[in-house]
There are 2 protein chains.
Amino acid sequence: MTSTARGAGRGRRPGGPDTKGEILRAARESFAHKGFSGTTIRGVAAGAGVDPALVHHYFGSKDDLFLAALEIPIDPRAVVPEVFADGVAGAGERLVRLFLSVWDDPVTRLPLVALVRTSLVSEAPETLLGQGMLRMVLAPLRGRLPADEADRRVQLVISQMSGLVVTRYLLGLEPLASMPADEVVAWVAPTVQRYLDGPLPD
Amino acid sequence: MTSTARGAGRGRRPGGPDTKGEILRAARESFAHKGFSGTTIRGVAAGAGVDPALVHHYFGSKDDLFLAALEIPIDPRAVVPEVFADGVAGAGERLVRLFLSVWDDPVTRLPLVALVRTSLVSEAPETLLGQGMLRMVLAPLRGRLPADEADRRVQLVISQMSGLVVTRYLLGLEPLASMPADEVVAWVAPTVQRYLDGPLPD
(Lines give C-alpha, C1' and ligand atoms only; values in the text may rest on other atoms or scores of the structure.)
Protein backbone atom coordinates (compact mmCIF):
# COMPACT_ATOMS: atom_id res chain seq x y z
CA MET A 1 0.00 0.00 0.00
CA THR A 2 1.23 3.47 -0.80
CA SER A 3 0.15 4.78 2.58
CA THR A 4 2.31 2.23 4.35
CA ALA A 5 5.26 2.86 2.06
CA ARG A 6 5.01 6.61 2.49
CA GLY A 7 4.67 6.44 6.24
CA ALA A 8 7.46 3.92 6.69
CA GLY A 9 10.17 6.58 6.42
CA ARG A 10 9.23 8.55 9.50
CA GLY A 11 6.08 7.31 11.14
CA ARG A 12 4.25 10.58 11.64
CA ARG A 13 3.47 13.66 9.67
CA PRO A 14 0.92 16.48 9.92
CA GLY A 15 -2.58 15.95 8.61
CA GLY A 16 -2.69 16.63 4.87
CA PRO A 17 -5.65 16.72 2.52
CA ASP A 18 -5.70 12.94 2.07
CA THR A 19 -4.77 12.02 5.63
CA LYS A 20 -8.29 10.95 6.50
CA GLY A 21 -8.41 8.75 3.44
CA GLU A 22 -5.12 7.12 4.32
CA ILE A 23 -6.24 6.47 7.87
CA LEU A 24 -9.43 4.84 6.55
CA ARG A 25 -7.45 2.68 4.14
CA ALA A 26 -5.09 1.59 6.90
CA ALA A 27 -8.06 0.91 9.18
CA ARG A 28 -9.85 -1.20 6.58
CA GLU A 29 -6.73 -3.23 5.98
CA SER A 30 -6.19 -3.79 9.69
CA PHE A 31 -9.82 -4.74 10.44
CA ALA A 32 -9.82 -7.15 7.50
CA HIS A 33 -6.58 -8.88 8.42
CA LYS A 34 -6.42 -8.59 12.21
CA GLY A 35 -10.08 -8.55 13.15
CA PHE A 36 -11.65 -6.10 15.56
CA SER A 37 -9.71 -6.92 18.72
CA GLY A 38 -6.42 -7.13 16.85
CA THR A 39 -6.83 -3.63 15.45
CA THR A 40 -5.46 -0.71 17.49
CA ILE A 41 -5.56 3.02 16.92
CA ARG A 42 -1.77 2.97 17.28
CA GLY A 43 -1.41 0.27 14.61
CA VAL A 44 -3.73 2.09 12.21
CA ALA A 45 -1.79 5.30 12.78
CA ALA A 46 1.47 3.52 12.00
CA GLY A 47 -0.08 2.03 8.85
CA ALA A 48 -1.15 5.47 7.69
CA GLY A 49 2.11 7.11 8.78
CA VAL A 50 0.47 9.56 11.17
CA ASP A 51 0.37 10.27 14.87
CA PRO A 52 -2.23 8.25 16.83
CA ALA A 53 -3.62 11.52 18.18
CA LEU A 54 -4.58 12.46 14.64
CA VAL A 55 -6.61 9.24 14.27
CA HIS A 56 -8.46 10.09 17.49
CA HIS A 57 -8.88 13.67 16.31
CA TYR A 58 -10.47 12.67 13.01
CA PHE A 59 -12.35 9.52 14.02
CA GLY A 60 -12.76 9.40 17.81
CA SER A 61 -12.80 5.92 19.35
CA LYS A 62 -12.01 2.56 17.77
CA ASP A 63 -15.75 1.95 17.47
CA ASP A 64 -16.14 5.24 15.59
CA LEU A 65 -13.25 4.33 13.32
CA PHE A 66 -14.79 0.91 12.69
CA LEU A 67 -18.12 2.41 11.58
CA ALA A 68 -16.34 4.97 9.39
CA ALA A 69 -13.95 2.45 7.82
CA LEU A 70 -16.78 0.06 6.94
CA GLU A 71 -18.89 2.99 5.75
CA ILE A 72 -21.80 1.95 7.95
CA PRO A 73 -24.14 4.93 7.78
CA ILE A 74 -25.93 4.33 11.06
CA ASP A 75 -24.49 4.40 14.54
CA PRO A 76 -26.08 1.59 16.55
CA ARG A 77 -24.94 3.24 19.77
CA ALA A 78 -27.21 6.18 18.99
CA VAL A 79 -30.31 4.42 17.68
CA VAL A 80 -30.49 1.11 19.56
CA PRO A 81 -30.79 2.52 23.11
CA GLU A 82 -34.04 4.25 22.09
CA VAL A 83 -35.55 0.81 21.54
CA PHE A 84 -35.03 -0.01 25.19
CA ALA A 85 -35.54 3.46 26.66
CA ASP A 86 -39.08 2.54 27.75
CA GLY A 87 -38.12 -0.87 29.05
CA VAL A 88 -38.28 -4.40 27.70
CA ALA A 89 -42.09 -4.52 27.28
CA GLY A 90 -42.80 -3.86 23.61
CA ALA A 91 -39.09 -3.81 22.80
CA GLY A 92 -39.49 -6.82 20.49
CA GLU A 93 -41.62 -4.84 18.09
CA ARG A 94 -39.49 -1.70 18.34
CA LEU A 95 -36.33 -3.70 17.72
CA VAL A 96 -37.71 -5.50 14.67
CA ARG A 97 -39.01 -2.20 13.25
CA LEU A 98 -35.64 -0.51 13.70
CA PHE A 99 -33.89 -3.53 12.23
CA LEU A 100 -36.12 -3.53 9.15
CA SER A 101 -35.78 0.23 8.64
CA VAL A 102 -32.00 -0.15 8.55
CA TRP A 103 -31.88 -3.28 6.37
CA ASP A 104 -34.73 -2.37 4.01
CA ASP A 105 -32.82 0.77 3.00
CA PRO A 106 -30.41 -0.28 0.22
CA VAL A 107 -27.90 2.42 1.21
CA THR A 108 -27.62 1.19 4.77
CA ARG A 109 -27.89 -2.43 3.75
CA LEU A 110 -24.99 -2.58 1.33
CA PRO A 111 -22.06 -2.25 3.76
CA LEU A 112 -23.87 -4.46 6.27
CA VAL A 113 -24.29 -7.23 3.71
CA ALA A 114 -20.58 -6.98 2.94
CA LEU A 115 -19.75 -7.16 6.65
CA VAL A 116 -21.99 -10.20 7.18
CA ARG A 117 -20.67 -12.02 4.10
CA THR A 118 -17.07 -11.43 5.17
CA SER A 119 -17.78 -12.62 8.68
CA LEU A 120 -19.64 -15.75 7.65
CA VAL A 121 -16.91 -17.07 5.40
CA SER A 122 -14.18 -16.37 7.91
CA GLU A 123 -13.12 -19.36 9.98
CA ALA A 124 -11.74 -17.06 12.66
CA PRO A 125 -13.67 -17.31 15.91
CA GLU A 126 -13.48 -13.63 16.51
CA THR A 127 -15.25 -11.81 13.75
CA LEU A 128 -15.80 -8.20 12.82
CA LEU A 129 -19.47 -8.97 13.11
CA GLY A 130 -19.37 -10.26 16.67
CA GLN A 131 -16.77 -8.02 18.24
CA GLY A 132 -17.25 -4.98 16.09
CA MET A 133 -20.90 -4.67 15.21
CA LEU A 134 -23.04 -6.96 17.35
CA ARG A 135 -21.35 -5.75 20.51
CA MET A 136 -22.40 -2.17 19.75
CA VAL A 137 -25.94 -3.24 18.92
CA LEU A 138 -26.35 -5.54 21.90
CA ALA A 139 -24.73 -3.63 24.75
CA PRO A 140 -27.81 -1.49 25.49
CA LEU A 141 -30.04 -4.58 25.32
CA ARG A 142 -27.89 -6.74 27.56
CA GLY A 143 -27.96 -4.15 30.35
CA ARG A 144 -31.76 -4.27 30.40
CA LEU A 145 -32.02 -8.00 31.09
CA PRO A 146 -31.38 -10.03 34.26
CA ALA A 147 -27.63 -10.64 34.29
CA ASP A 148 -27.80 -14.44 34.51
CA GLU A 149 -30.24 -14.69 31.55
CA ALA A 150 -28.99 -11.83 29.41
CA ASP A 151 -26.51 -13.73 27.25
CA ARG A 152 -28.90 -16.55 26.39
CA ARG A 153 -31.79 -14.21 25.63
CA VAL A 154 -29.65 -11.91 23.52
CA GLN A 155 -28.29 -14.86 21.51
CA LEU A 156 -31.77 -16.14 20.78
CA VAL A 157 -32.76 -12.69 19.55
CA ILE A 158 -29.70 -12.74 17.30
CA SER A 159 -30.64 -16.19 16.03
CA GLN A 160 -33.95 -14.84 14.69
CA MET A 161 -32.57 -11.54 13.40
CA SER A 162 -29.59 -13.13 11.66
CA GLY A 163 -31.99 -15.60 10.07
CA LEU A 164 -33.90 -12.64 8.63
CA VAL A 165 -30.64 -11.23 7.31
CA VAL A 166 -29.87 -14.51 5.57
CA THR A 167 -33.31 -15.21 4.12
CA ARG A 168 -34.66 -11.73 3.36
CA TYR A 169 -31.47 -9.87 2.45
CA LEU A 170 -28.62 -12.25 1.56
CA LEU A 171 -30.48 -15.05 -0.22
CA GLY A 172 -33.49 -12.90 -1.10
CA LEU A 173 -35.84 -15.87 -0.72
CA GLU A 174 -39.37 -15.11 -1.84
CA PRO A 175 -41.93 -14.33 -0.57
CA LEU A 176 -40.04 -13.16 2.54
CA ALA A 177 -37.76 -10.82 0.60
CA SER A 178 -40.75 -8.81 -0.64
CA MET A 179 -42.98 -9.15 2.42
CA PRO A 180 -44.17 -5.74 3.69
CA ALA A 181 -42.31 -4.61 6.81
CA ASP A 182 -45.55 -4.52 8.81
CA GLU A 183 -46.19 -8.17 8.08
CA VAL A 184 -42.64 -9.16 9.01
CA VAL A 185 -43.07 -7.26 12.27
CA ALA A 186 -46.38 -9.01 12.98
CA TRP A 187 -44.79 -12.42 12.49
CA VAL A 188 -41.38 -11.89 14.05
CA ALA A 189 -41.86 -9.37 16.89
CA PRO A 190 -43.68 -11.90 19.14
CA THR A 191 -40.73 -14.26 18.70
CA VAL A 192 -38.23 -11.59 19.71
CA GLN A 193 -40.41 -10.46 22.61
CA ARG A 194 -40.62 -14.01 23.97
CA TYR A 195 -36.84 -14.37 23.71
CA LEU A 196 -36.48 -11.09 25.63
CA ASP A 197 -38.87 -11.68 28.52
CA GLY A 198 -40.74 -14.96 28.03
CA PRO A 199 -40.57 -17.63 30.73
CA LEU A 200 -37.30 -19.55 30.96
CA PRO A 201 -37.52 -23.21 29.89
CA ASP A 202 -37.57 -25.76 32.73
CA MET B 1 -9.81 -31.19 -15.37
CA THR B 2 -8.38 -34.50 -16.48
CA SER B 3 -11.82 -36.07 -16.62
CA THR B 4 -12.99 -33.46 -19.10
CA ALA B 5 -9.85 -33.75 -21.19
CA ARG B 6 -10.07 -37.51 -21.27
CA GLY B 7 -13.72 -37.58 -22.11
CA ALA B 8 -13.46 -34.92 -24.79
CA GLY B 9 -12.12 -37.41 -27.32
CA ARG B 10 -15.13 -39.66 -27.48
CA GLY B 11 -17.82 -38.76 -24.98
CA ARG B 12 -18.64 -42.17 -23.59
CA ARG B 13 -16.87 -45.24 -22.32
CA PRO B 14 -17.79 -48.20 -20.13
CA GLY B 15 -17.74 -47.84 -16.35
CA GLY B 16 -14.24 -48.40 -15.04
CA PRO B 17 -12.98 -48.60 -11.46
CA ASP B 18 -12.79 -44.82 -11.09
CA THR B 19 -15.88 -43.98 -13.12
CA LYS B 20 -17.93 -43.15 -10.04
CA GLY B 21 -15.19 -40.82 -8.82
CA GLU B 22 -15.04 -39.05 -12.15
CA ILE B 23 -18.79 -38.60 -12.25
CA LEU B 24 -18.69 -37.11 -8.76
CA ARG B 25 -15.87 -34.74 -9.71
CA ALA B 26 -17.76 -33.63 -12.82
CA ALA B 27 -20.93 -33.19 -10.75
CA ARG B 28 -19.17 -31.10 -8.11
CA GLU B 29 -17.69 -28.89 -10.79
CA SER B 30 -21.03 -28.42 -12.49
CA PHE B 31 -22.99 -27.71 -9.30
CA ALA B 32 -20.35 -25.20 -8.21
CA HIS B 33 -20.24 -23.32 -11.50
CA LYS B 34 -23.73 -23.73 -12.92
CA GLY B 35 -25.83 -24.01 -9.79
CA PHE B 36 -28.48 -26.64 -9.21
CA SER B 37 -30.87 -25.83 -12.06
CA GLY B 38 -28.00 -25.37 -14.52
CA THR B 39 -26.67 -28.84 -13.83
CA THR B 40 -27.98 -31.75 -15.90
CA ILE B 41 -27.29 -35.46 -15.76
CA ARG B 42 -26.37 -35.21 -19.45
CA GLY B 43 -23.88 -32.40 -18.79
CA VAL B 44 -22.29 -34.26 -15.89
CA ALA B 45 -22.02 -37.37 -18.02
CA ALA B 46 -20.29 -35.38 -20.77
CA GLY B 47 -17.91 -33.87 -18.20
CA ALA B 48 -16.99 -37.32 -16.94
CA GLY B 49 -16.85 -38.79 -20.44
CA VAL B 50 -19.51 -41.42 -19.80
CA ASP B 51 -23.01 -42.27 -20.97
CA PRO B 52 -25.83 -40.49 -19.09
CA ALA B 53 -27.36 -43.88 -18.35
CA LEU B 54 -24.30 -44.73 -16.32
CA VAL B 55 -24.79 -41.63 -14.15
CA HIS B 56 -28.38 -42.69 -13.50
CA HIS B 57 -27.23 -46.24 -12.85
CA TYR B 58 -24.70 -45.21 -10.22
CA PHE B 59 -26.43 -42.21 -8.65
CA GLY B 60 -30.14 -42.24 -9.51
CA SER B 61 -31.81 -38.84 -9.85
CA LYS B 62 -30.24 -35.38 -9.94
CA ASP B 63 -31.22 -34.96 -6.29
CA ASP B 64 -29.40 -38.18 -5.43
CA LEU B 65 -26.36 -37.04 -7.38
CA PHE B 66 -26.44 -33.69 -5.57
CA LEU B 67 -26.42 -35.32 -2.12
CA ALA B 68 -23.63 -37.70 -3.18
CA ALA B 69 -21.50 -35.00 -4.81
CA LEU B 70 -21.73 -32.74 -1.77
CA GLU B 71 -21.16 -35.74 0.52
CA ILE B 72 -24.24 -34.95 2.57
CA PRO B 73 -24.69 -38.02 4.73
CA ILE B 74 -28.41 -37.63 5.35
CA ASP B 75 -31.22 -37.75 2.84
CA PRO B 76 -33.78 -35.10 3.76
CA ARG B 77 -36.36 -36.80 1.54
CA ALA B 78 -36.22 -39.82 3.84
CA VAL B 79 -36.09 -38.16 7.28
CA VAL B 80 -38.09 -34.93 6.95
CA PRO B 81 -41.45 -36.48 6.00
CA GLU B 82 -41.48 -38.33 9.34
CA VAL B 83 -41.63 -34.94 11.07
CA PHE B 84 -44.95 -34.22 9.41
CA ALA B 85 -46.33 -37.77 9.27
CA ASP B 86 -48.57 -37.08 12.29
CA GLY B 87 -49.66 -33.67 11.06
CA VAL B 88 -48.61 -30.11 11.81
CA ALA B 89 -49.47 -30.17 15.53
CA GLY B 90 -46.21 -30.73 17.39
CA ALA B 91 -44.21 -30.57 14.17
CA GLY B 92 -42.33 -27.49 15.42
CA GLU B 93 -40.65 -29.49 18.15
CA ARG B 94 -40.06 -32.54 15.94
CA LEU B 95 -38.52 -30.36 13.23
CA VAL B 96 -36.20 -28.52 15.61
CA ARG B 97 -35.12 -31.83 17.19
CA LEU B 98 -34.35 -33.37 13.80
CA PHE B 99 -32.52 -30.22 12.73
CA LEU B 100 -30.36 -30.23 15.87
CA SER B 101 -29.59 -33.95 15.59
CA VAL B 102 -28.28 -33.37 12.07
CA TRP B 103 -26.33 -30.18 12.78
CA ASP B 104 -24.99 -31.14 16.22
CA ASP B 105 -23.27 -34.15 14.65
CA PRO B 106 -19.90 -32.90 13.33
CA VAL B 107 -19.87 -35.50 10.54
CA THR B 108 -23.19 -34.39 9.14
CA ARG B 109 -22.50 -30.73 9.86
CA LEU B 110 -19.27 -30.35 7.92
CA PRO B 111 -20.58 -30.63 4.34
CA LEU B 112 -23.66 -28.60 5.31
CA VAL B 113 -21.51 -25.77 6.65
CA ALA B 114 -19.55 -25.81 3.40
CA LEU B 115 -22.78 -25.70 1.41
CA VAL B 116 -24.17 -22.79 3.44
CA ARG B 117 -20.93 -20.81 3.29
CA THR B 118 -20.71 -21.25 -0.47
CA SER B 119 -24.33 -20.22 -0.92
CA LEU B 120 -24.13 -17.15 1.30
CA VAL B 121 -21.16 -15.61 -0.46
CA SER B 122 -22.59 -16.25 -3.91
CA GLU B 123 -24.33 -13.29 -5.49
CA ALA B 124 -26.29 -15.62 -7.74
CA PRO B 125 -30.00 -15.55 -7.00
CA GLU B 126 -30.36 -19.25 -7.49
CA THR B 127 -28.25 -21.09 -5.02
CA LEU B 128 -27.37 -24.67 -4.33
CA LEU B 129 -28.90 -24.10 -0.93
CA GLY B 130 -32.27 -22.93 -2.14
CA GLN B 131 -32.81 -25.08 -5.21
CA GLY B 132 -30.77 -28.07 -4.18
CA MET B 133 -31.12 -28.54 -0.44
CA LEU B 134 -33.97 -26.44 0.95
CA ARG B 135 -36.32 -27.67 -1.74
CA MET B 136 -35.76 -31.26 -0.64
CA VAL B 137 -36.20 -30.35 3.02
CA LEU B 138 -39.26 -28.18 2.51
CA ALA B 139 -41.31 -30.10 -0.03
CA PRO B 140 -42.92 -32.41 2.57
CA LEU B 141 -43.65 -29.44 4.83
CA ARG B 142 -45.16 -27.26 2.12
CA GLY B 143 -47.69 -29.93 1.18
CA ARG B 144 -49.00 -30.00 4.76
CA LEU B 145 -49.93 -26.32 4.91
CA PRO B 146 -52.81 -24.37 3.32
CA ALA B 147 -51.62 -23.58 -0.20
CA ASP B 148 -52.06 -19.80 0.02
CA GLU B 149 -50.09 -19.57 3.30
CA ALA B 150 -47.52 -22.29 2.74
CA ASP B 151 -44.76 -20.20 1.17
CA ARG B 152 -44.87 -17.48 3.82
CA ARG B 153 -45.01 -19.92 6.72
CA VAL B 154 -42.20 -22.04 5.32
CA GLN B 155 -39.99 -18.98 4.80
CA LEU B 156 -40.51 -17.83 8.36
CA VAL B 157 -39.51 -21.27 9.57
CA ILE B 158 -36.38 -21.01 7.44
CA SER B 159 -35.67 -17.56 8.87
CA GLN B 160 -35.43 -19.02 12.39
CA MET B 161 -33.61 -22.20 11.40
CA SER B 162 -31.06 -20.43 9.22
CA GLY B 163 -30.45 -18.01 12.10
CA LEU B 164 -29.60 -21.00 14.27
CA VAL B 165 -27.21 -22.21 11.58
CA VAL B 166 -25.47 -18.84 11.54
CA THR B 167 -25.26 -18.25 15.29
CA ARG B 168 -24.81 -21.77 16.70
CA TYR B 169 -22.82 -23.44 13.92
CA LEU B 170 -21.15 -20.90 11.63
CA LEU B 171 -20.24 -18.13 14.06
CA GLY B 172 -20.28 -20.39 17.13
CA LEU B 173 -21.57 -17.57 19.31
CA GLU B 174 -21.64 -18.46 22.98
CA PRO B 175 -23.63 -19.41 24.95
CA LEU B 176 -25.89 -20.59 22.10
CA ALA B 177 -23.19 -22.74 20.50
CA SER B 178 -22.91 -24.85 23.68
CA MET B 179 -26.56 -24.72 24.77
CA PRO B 180 -27.98 -28.25 25.35
CA ALA B 181 -30.24 -29.37 22.52
CA ASP B 182 -33.20 -29.69 24.91
CA GLU B 183 -32.89 -26.04 25.89
CA VAL B 184 -32.65 -24.93 22.26
CA VAL B 185 -35.77 -26.96 21.52
CA ALA B 186 -37.61 -25.39 24.47
CA TRP B 187 -36.79 -21.89 23.24
CA VAL B 188 -37.13 -22.31 19.50
CA ALA B 189 -39.82 -24.96 18.94
CA PRO B 190 -42.67 -22.59 19.98
CA THR B 191 -41.41 -20.07 17.42
CA VAL B 192 -41.40 -22.66 14.64
CA GLN B 193 -44.79 -24.00 15.69
CA ARG B 194 -46.32 -20.50 15.59
CA TYR B 195 -44.86 -19.94 12.11
CA LEU B 196 -46.39 -23.27 11.03
CA ASP B 197 -49.93 -22.91 12.35
CA GLY B 198 -50.25 -19.71 14.38
CA PRO B 199 -52.87 -17.10 13.41
CA LEU B 200 -52.10 -15.03 10.33
CA PRO B 201 -51.34 -11.37 11.01
CA ASP B 202 -54.17 -8.91 10.21
Side-chain angles (χ1 to χ4, degrees), chain A residues 113-114 116-127 129-131 134 138 148-180 182-192 194-195 198-202, chain B residues 113-114 116-127 129-131 134 138 148-180 182-192 194-195 198-202:
Chain A
V113 165
V116 171
R117 282 221 164 93
T118 309
S119 299
L120 291 183
V121 292
S122 161
E123 298 277 350
E126 185 217 304
T127 65
L129 194 64
Q131 298 297 314
L134 282 178
L138 298 174
D148 58 333
E149 306 168 6
D151 282 340
R152 273 179 296 172
R153 291 184 181 277
V154 161
Q155 290 270 305
L156 287 155
V157 171
I158 303 174
S159 82
Q160 174 63 78
M161 304 308 250
S162 63
L164 272 185
V165 168
V166 167
T167 51
R168 183 171 165 96
Y169 303 109
L170 262 64
L171 297 178
L173 297 182
E174 294 295 355
L176 189 56
S178 306
M179 191 181 279
D182 281 343
E183 191 181 344
V184 178
V185 170
W187 280 111
V188 172
T191 297
V192 173
R194 188 169 60 81
Y195 292 160
L200 290 179
D202 296 330
Chain B
V113 165
V116 171
R117 281 221 164 92
T118 309
S119 300
L120 291 183
V121 292
S122 161
E123 299 276 350
E126 185 217 305
T127 65
L129 195 63
Q131 298 298 314
L134 282 179
L138 298 174
D148 58 333
E149 305 168 8
D151 282 341
R152 274 179 296 172
R153 291 184 181 276
V154 160
Q155 290 271 303
L156 287 155
V157 171
I158 303 176
S159 82
Q160 173 63 78
M161 304 308 251
S162 63
L164 271 186
V165 168
V166 167
T167 50
R168 183 170 166 96
Y169 303 108
L170 262 64
L171 297 179
L173 297 182
E174 294 295 355
L176 189 57
S178 305
M179 191 180 278
D182 281 343
E183 191 181 345
V184 178
V185 170
W187 280 111
V188 171
T191 297
V192 173
R194 188 169 60 81
Y195 292 159
L200 290 179
D202 296 330

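Per chain, numbering begins at 1; letters A, B, ... match sequence-line order.
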>> If I measure from the heavy atoms of chain A, does B/L170 come under 4.5 Å with its side chain, its backbone, both, or neither?
In response: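 Side chain only.
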> Picking from A/L171, A/L176, A/T167, what satisfies side-chain contact (heavy atoms from CB on, under 4.5 Å) with B/I158?
Replying inline: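 Result: among A/L171, A/L176, A/T167, A/T167 is the only option passing the side-chain contact (heavy atoms from CB on, under 4.5 Å) with B/I158.
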>> Do A/M179 and B/Q155 make a side-chain contact, defined as non-hydrogen atoms from C-beta onward lying under 4.5 Å apart?
In response: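 Result no, sub-4.5 Å side-chain heavy-atom pair not found.
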>> Suppose we screen for salt bridge (Lys or Arg N to Asp or Glu O under 4.0 Å). Which residues come up paired with A/E174, at least two apart in sequence or across chains?
In response: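 Salt bridge (Lys or Arg N to Asp or Glu O under 4.0 Å) check on A/E174 returns nothing, list empty.
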> Say you draw a straight line from CD of B/Q160 to OG of A/S159; how long is it, rounded to the nearest 0.5 Å?
Replying inline: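 If I round to the nearest 0.5 Å, the distance is 4.0 Å.
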> Between A/V188 and chain B, which part of the residue has a heavy atom less than 4.5 Å away: side chain, backbone, both or neither?
Replying inline: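 Contact with chain B is through both the backbone and side chain of A/V188.
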> In terms of heavy-atom proximity below 4.5 Å to chain B, should A/M161 be classed as side chain, backbone, both, or neither?
Replying inline: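 Looking at A/M161, nothing touches chain B.
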> If you look at every heavy atom in A/A186 and B/R194, which pair is closest and at what distance?
Replying inline: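 Shortest heavy-atom separation between A/A186 and B/R194 comes out as O-NH1, 4.2 Å.
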> Closest approach of A/Y195 and B/W187, non-hydrogen atoms and distance?
Replying inline: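 The pair with the smallest heavy-atom distance is CE2-O, 3.4 Å.
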>> Out of B/S162, B/G130, B/G198, return the one with the most heavy atom pairs under 4.5 angstrom to chain A.
In response: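 Ranked by contacts with chain A, first place is B/S162.
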>> Looking only at heavy atoms and a cut-off of under 4.5 Å, which of A/L156, A/L129, A/D151 has the most pairs with chain B?
In response: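 Top count of heavy-atom pairs under 4.5 Å with chain B: A/L156.
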>> Taking every non-hydrogen pair under 4.5 Å, which of A/G163, A/A177, A/P199 racks up the most with chain B?
In response: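 Most heavy-atom pairs within the cutoff with chain B belong to A/G163.
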